[in-house]
Amino acid sequence: MSENILEVSNLRKYFDISGGIIGRKRHTVKAVDGVDLTVAKGETVGLVGESGCGKTTVGRTILKLYEPTAGSIIFEGEDITKYSQRKMKPLRAQMQMIFQDPYSSLNPRHTVGDIVAASFAIHKVTPEGGVKKTVQGLLERVGLNPEHINRFPHEFSGGQRQRIGIARAIALRPKLIIADEPVSALDVSIQAQVVNLLDDLQSEFGLSYLIVAHDLSVVQHISDRVVVMYLGKVMEVARTEDLFKSPHHPYTKALLSAVPIPDPTIERSRERITLVGDLPSPANPPTGCVFNTRCWKAQDICRNSVPAQRTVGTSTVACHFPE
Amino acid sequence: MSATTNLSSLSSQGNGATVELAQRSPRQIAWIRLKRNKVAMVSAGVALFFVAIAFLAPVITGLFHVDNTTLYLDRLKDGQPIGVAGGISWAHPFGIEPGAGRDLMALLLYGSRISFSIAIITAITYVGIGLVLGISAAYIGGALDSVIGRIADFLLSFPTTFMFVALSVPLTMRVEALGIAKDNGARIVVMVLILTVFSWPGFFRVVRSQVLSLREREFVLAASALGASRSRIIFKELLPNLWPLAIIYLSISLPGYLAAEAVFSFLGVGVQAPSSTWGLVLNDASSFWQRDPAYLAIPAGMVIVVVLSLNLLGDGLRDALDPKSDR
Ligand SMILES: Nc1ncnc2c1ncn2[C@@H]1O[C@H](COP(=O)(O)OP(=O)(O)OP(=O)(O)O)[C@@H](O)[C@H]1O
Ligand code: SF4
Ligand SMILES: [Mg+2]
């Protein structure tokens with residue numbers, strides 16, 4: 001048995017888009033194009049990158065909500081890449097998801113009790129002490145009033161709804177939770193509470209997290225390691241402190257330079273990098289290094305050859321000229 | 001802090017009513033909204049009344065000691081009912097049919113049974129078909145989706161009334177030849193069949209697009225992530241969100257079918273004598289209207305009242321169930 005609960009290598013997910021009236025002019029969106037990442041037991045890995053770089057697709061493909069195009073997904077030493085939905089079912093109790101949008105992630109016609117208890121019904125298990133008791137315990141655990149078990153989602157605020165989604169995800173005591181921007185839809189004042197709840201649950205249940213976020217301050221607070229993605233590919237993987245202290249990939253540097261630093265002296269003196277141009281289309285990515293259209297260090301080699309992952313200090317960087 | 005406090009503190013005008021909105025299921029909220037709509041509630045009462053008297057036709061006619069087959073020829077003179085307003089009397093509250101001499105109340109009551117049956121059976125059938133095909137097309141997709149879609153487009157391109165006139169006679173003969181039903185039974189089967197065949201595509205399209213949008217909602221993905229089967233997702237996640245749509249379509253289509261039955265029977269392609277439906281009575285009455293206006297006015301008034309109240313009820317249900325206002 002390995003130390004890693006999750007090992008993803010060379011994961012690809014391409015979407016075929018059929019354009020035109022009769023679906024002729026097909027093209028392929030390479031939403032995820034060769035991603036490697038690991039999550040160790042009890043670890044929290046942050047997955048960051050601009051909007052549209054494929055973070056959500058990575059999360060959903062790992063959980064086999066999307067069929068992977070290529071690569072391998074190994075969960076607790078078990079290669080689940082080719083598993084059918086039927087074969088996945090028992091594993092679903094062990095790997096769960098928290099969704100971004102607290103409004104669309106809860107069925108408006110189900111009571112909170114039904115929503116949280118869904119996994120018991122689906123997996124035909126009766127928890128110790130009965131379903132109702134357990135659901136009320138879960139609601140209490142995530143900071144909701146257990147008496148509200150018969151209420152409907154529309155009666156709750158965004159933060160409360162996100163807590164309901166968390167209760168649903170932890171109902172079967174999973175080992176791995178993939179959270180897709182769990183707080184980005186919430187008010188800033190509520191974000192910290194939900195992040196702290198995730199933290200508490202992690203130590204209480206020994207959870208491992210893969211947390212997708214584009215807010216770097218959330219990632220800095222919660223992650224042990226960070227994976228930086230750009231246009232379907234991994235640019236840099238590093239321990240959180242190392243990444244924020246000394247980013248090695250030009251793209252990471254650019255991302256970090258956009259985060260305000262509380263200390264005004266540092267904030268004023270540091271160099272700021274503004275990326276020019278838009279994110280290229282994942283249907284037609286640049287050749288060589290995908291970042292070369294926006295990188296200030298780009299050379300000919302960057303346009304001709306894909307940089308291999310290399311180790312710089314404690315980080316892994318995909319760049320010909322790491323900092 | 002929940003919506004309860006927000007809602008109740010926001011509005012003082014709805015004393016009780018607004019407080020009620022919290023802690024209610026979406027269905028209860030719709031019911032509360034419907035109850036507040038006076039027009040819809042009165043319409044519902046009227047519609048229910050007519051359905052009830054259709055159901056109780058034998059009991060009611062029994063109370064008056066009349067039936068829909070006896071010919072009260074002693075009440076006619078030269079084929080015209082004796083007395084005011086088409087021969088209205090205590091024994092025959094709606095008067096007598098000119099010519100044959102049957103009791104008009106009994107004709108209309110028994111006629112409404114046929115009319116309502118056709119409308120209700122058609123509505124339930126087409127809504128059922130639309131739901132099943134719409135969910136299948138949107139959720140399973142692929143070739144199935146395009147095949148059903150093409151069929152729906154094809155059917156939608158025909159004018160229903162024209163098709164009915166063209167198809168009713170050969171289809172009725174076919175139904176009789178197959179031994180499914182005879183005479184008016186066969187005509188009723190054909191009427192339901194044709195109305196259903198040309199009605200489901202419209203509803204199918206609405207269901208399909210609704211399921212396509214529901215399917216992208218994260219709660220469906222959440223159910224898959226929990227390991228829910230396809231059938232669980234369809235029945236537990238999607239269907240509960242489609243019921244309001246089904247109820248709206250059911251209720252707004254009923255008056256149309258009542259009217260359609262009347263029109264087809266009026267045109268002579270629907271149910272035929274000696275059975276009676278509202279359309280047949282109207283057809284017959286149209287040839288007597290100068291000498292016996294009450295004979296036309298009574299069934300026409302009934303059709304108008306029922307169709308209008310069903311329409312108003314349908315509107316009320318749509319307002320109450322409108323998915324846009326149930327966030
Ligand atoms: N089901 C799909 N069909 C076709 N293309 C898709 C699909 N899902 C995602 N994509 C495309 O794949 C790319 C990556 O999308 P994804 O949602 O994974 O990005 P993201 O990093 O999560 O972005 P965001 O921060 O906006 O959530 C985008 O270009 C998107 O348009
Ligand atoms: S490989 Fe070249 S283009 Fe890509 S990030 Fe490094 S320097 Fe920039
Ligand atoms: Mg996303």
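Quantities reported herein were computed from a predicted structural model and do not represent experimental measurements. Naming: A, B, ... by sequence-line order, numbering from 1 per chain. Values below: every heavy atom of this structure, side chains too, minus hydrogens, waters and symmetry copies.
- Residues B:I129 and B:T196 form a side-chain contact, since some pair of their non-hydrogen atoms from C-beta on lies under 4.5 Å apart.
- Here B:R208 pairs with B:D145 in a salt bridge; the nearest charged N to carboxylate O distance falls below 4.0 Å.
- Using a 30° and 60° split on the angle between ring planes, A:F152 and A:H154 fall in the parallel class, below 30°.
- Aromatic pair A:Y66/A:F15: centroids less than 6.0 angstrom apart.
- For residues 120-145 of chain A, heavy-atom neighbours of chain B at less than 4.5 Å comprise A:A121, A:I122, A:H123, sorted by residue number.
- Using a 4.0 Å cut-off between charged nitrogen and carboxylate oxygen, B:R205 and B:D153 count as a salt-bridge pair.
- A donor atom on one side chain and an acceptor atom on the other are not found under 3.5 Å apart for A:D79 and A:S72.
- Of the two parts of A:L65, only the side chain, counted from C-beta on, holds a non-hydrogen atom closer than 4.5 Å to a non-hydrogen atom of chain B.
- Contacts between residues 222-230 of chain B and chain A, counted as heavy-atom pairs separated by less than 4.5 Å, involve B:A222, B:A223, B:S224, B:A225, B:L226, B:G227, B:A228.
- Evaluated for a side chain to side chain contact (heavy atoms under 4.5 Å, CB included) with A:I80, the options A:L63, A:I62, A:L91, A:L6 yield exactly one hit, A:L91.
- Using a 4.5 Å heavy-atom threshold, the side chains of B:P159 and B:F198 count as separate.
- In terms of heavy-atom pairs under 4.5 angstrom with chain B, the leader among A:Q100, A:R86, A:K64 is A:Q100.
- Using a 4.0 Å cut-off between charged side-chain N and carboxylate O, B:R215 and B:E237 make no salt bridge.
- When only modelled atom types and interatomic distance are considered, A:Y103 and B:E218 share no side-chain donor-acceptor pair under 3.5 Å.
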